[in-house]
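Only heavy atoms go into these numbers, but all of them, side chains included; no hydrogens, no water, no symmetry mates. Note that this is a predicted model, so its numbers are computed, not measured. The residues of the chain are indexed from 1 along the displayed sequence.
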Amino acid sequence: KEFKKRLRTFASRQDFIDFMISKREDLYQKGEIAEGTYKKYLTVIHRIQEFQYGDRKEASKKDLWTFNTITLQHILSFENWLTGKKGLAHNTMAGTMKIVHKFFGCAKRDGISFNDPMIDYNVPGFIQGVREALDLVELSALKKFYVNGGFSDHEKDVLERYLISCFTGLRKSDIEQLDTRIHIQNKRLYLKMFKTRMYDKTVEFKLPNFVLEIVGKRRGRLFLPMESSLLNKTLRKVIDRVKNDKSEQIITKYVKFHSGRDTFATNFLRLGGMLIVLKDILGHSSIKMTEIYLKMTSDDSDVTMEAFDRL
């Protein structure tokens, strides 16, 4: 085992893929990345290997990314391959390149000497898509659907996660670490959000009664990690069944799990919550991050102004 470990350590200082494999494992064992990120890094490793191998069983030496031979041209070719032959969407490609850039930075910090091929490379930014959030009517209908029951245990598990997000603004990674023995005391939440854990800041707020009803008398960890693809697929399947008295679908938006956080934030503002309070609940480091929800509720301005007509 020691020999294999040393061999891997030596190889990781020569070949970029070997370095990514070794570093990924190291970061996960130290608790610096979540399981979802751990799996995401593996996906990127597989993409690079697919790019290098092509249709061959083995990659040629000129295609391998060794620290002493890799150039900017390799990086640009990989980016073009991702959106071209691989057919990935822009944001998926941008996320992949961001991770590649991260690992070159890790190699530098680990003392590996090489000419950084990404030093003159501009990592593509993400294109902001349409962010869907449930309004109060839709959220109320989903809550009623949950209370009435009539779904499988798996669907109930997914729906509970999503509703907790809708009523608290917690991310998927935070919901998956919820433990009633640690994070919930006297009907209040005390939690160091996983994404911002490096700041060692505890988010604290009173939990809505509906969330406490979902938790019930359960003790310990509430949810196990679940793949985002399965989570979103099940969530959309469940939401499609939310109907009104005329059997018409109430929620027609393309909902993803993260929309739960957006749903909480926008409805918090609609109900009169203050932006600065929302910032603290969401665990944002800057008020500018929270201001995006003001834009998402800007369409409510006509309704708000009409309220003056009723005075």
Side-chain angles (χ1 to χ4, degrees), residues 128-147 158-178 183-197 199 201-215 222-223 231-232 235 238-239 242 250-308 310:
Q128 185 66 53
V130 177
R131 300 180 67 158
E132 297 279 23
L134 304 186
D135 59 30
L136 289 168
V137 173
E138 294 167 329
L139 182 57
S140 178
L142 186 60
K143 176 184 175 183
K144 182 179 178 181
F145 178 81
Y146 169 78
V147 172
V158 169
L159 190 51
E160 285 181 343
R161 296 170 193 241
Y162 184 66
L163 284 169
I164 289 175
S165 180
C166 289
F167 278 80
T168 63
L170 293 179
R171 299 181 182 89
K172 174 181 179 292
S173 57
D174 296 319
I175 290 173
E176 289 178 345
Q177 68 167 319
L178 279 179
H183 304 122
I184 300 177
Q185 299 175 25
N186 299 320
K187 299 183 179 181
R188 299 184 69 82
L189 180 77
Y190 300 86
L191 179 70
K192 291 181 181 178
M193 292 186 170
F194 191 85
K195 188 174 182 179
T196 55
R197 62 194 181 284
Y199 302 119
K201 179 182 178 181
T202 299
V203 172
E204 175 194 345
F205 57 85
K206 181 182 181 297
L207 287 169
N209 289 333
F210 180 57
V211 173
L212 294 172
E213 290 173 15
I214 291 176
V215 173
L222 295 177
F223 304 103
L231 192 61
N232 287 321
L235 178 61
V238 171
I239 282 180
V242 181
I250 296 176
I251 304 172
T252 58
K253 295 169 180 173
Y254 187 75
V255 174
K256 294 185 178 181
F257 190 85
H258 192 76
S259 67
R261 185 171 170 85
D262 294 340
T263 294
F264 169 77
T266 51
N267 288 324
F268 181 90
L269 294 174
R270 288 190 180 106
L271 293 170
M274 296 175 62
L275 192 67
I276 190 66
V277 176
L278 178 61
K279 167 187 170 294
D280 291 337
I281 292 176
L282 295 178
H284 286 165
S285 59
S286 168
I287 195 70
K288 291 186 179 295
M289 299 172 67
T290 320
E291 287 175 352
I292 188 174
Y293 297 110
L294 288 176
K295 297 178 182 178
M296 290 180 68
T297 57
S298 61
D299 292 342
D300 295 346
S301 59
D302 288 348
V303 177
T304 305
M305 295 307 293
E306 287 170 3
F308 284 92
R310 298 192 290 272

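To the nearest 0.5 Å, atom CG of residue Leu191 and atom CD1 of residue Ile184 are 9.5 Å apart. Rounded to the nearest 0.5 angstrom, Lys144 NZ and Ile250 CD1 are separated by 8.0 Å. Taken from CD1 in Ile214 to CG in Leu159, the straight-line distance is 7.5 Å, to the nearest 0.5 Å. Atom NZ of Lys279 sits about 6.5 Å away from atom CD1 of Ile287, to the nearest 0.5 Å. Note that CD of Gln185 is 9.5 Å distant from CD of Glu204, once rounded to the nearest 0.5 Å.
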Checklist entry - For Val238 and Phe145, what are the C-alpha separation, side-chain angles and deciding distance, and is it a side-chain contact (heavy atoms from CB on, under 4.5 Å)? => result CA-CA 9 Å; Val238 171; Phe145 178 81; 3.5 Å; yes
Checklist entry - Can you check side chain to side chain donor-acceptor pair (under 3.5 Å) on Tyr162 and Ser259, steps first, answer last? => result CA-CA 9 Å; Tyr162 184 66; Ser259 67; 2.8 Å; yes
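At least one side-chain heavy atom of Leu170 sits less than 4.5 Å from a side-chain heavy atom of Leu189. Under the 4.5 Å side-chain criterion, counting only non-hydrogen atoms from C-beta, Phe223 is in contact with Glu160. You'll find the side chain of Val203 stays beyond 4.5 Å of the side chain of Asp280, heavy atoms only. Within the 4.5 Å cutoff, no side-chain heavy atoms of Phe205 are placed close to those of Val277. Looking at heavy atoms from C-beta onward, Leu142 lies in side-chain contact with Leu163 at the 4.5 angstrom threshold. Residues Arg188 and Leu207 are not in side-chain contact: their nearest non-hydrogen atoms beyond the backbone lie 4.5 Å or more apart. At least one side-chain heavy atom of Thr263 sits under 4.5 Å from a side-chain heavy atom of Asn267. Using a 4.5 Å cut-off on side-chain heavy atoms (C-beta onward), Phe167 and Pro208 make contact.
The heavy-atom pair separating Leu282 from Met193 by the smallest distance is O-SD, 3.3 Å. Minimum heavy-atom separation, Tyr254 to Glu132: O-CG, 3.8 Å. The minimum heavy-atom distance between Phe257 and Arg171, with the atom names listed, is CE2-C, 4.5 Å. Residues Thr168 and Ile281 approach most closely at O-CG2, 3.8 Å, considering heavy atoms. Counting all heavy atoms, side chain and backbone alike, Leu134 lies closest to Arg270 at O-NH1, 4.2 Å. Across every non-hydrogen atom of Ser173 and Phe194, the tightest pair is OG-CB, 3.9 Å.
Formation of a donor-acceptor pair under 3.5 Å by the Ser140 side chain with backbone atoms of Leu136 is not found in this model.
The aromatic rings of Phe210 and Tyr146 stand perpendicular to each other, their planes meeting at an angle above 60°, with 30° marking the opposite boundary.
Heavy-atom neighbours of Lys187 NZ from other residues, nucleotides or ligands within 6.0 Å: at or below the threshold of 12.
Listed by first and then second residue, the salt bridge (Lys or Arg N to Asp or Glu O under 4.0 Å) pairs that reach into residues 251-261 are Glu138-Lys253, sequence neighbours excluded.
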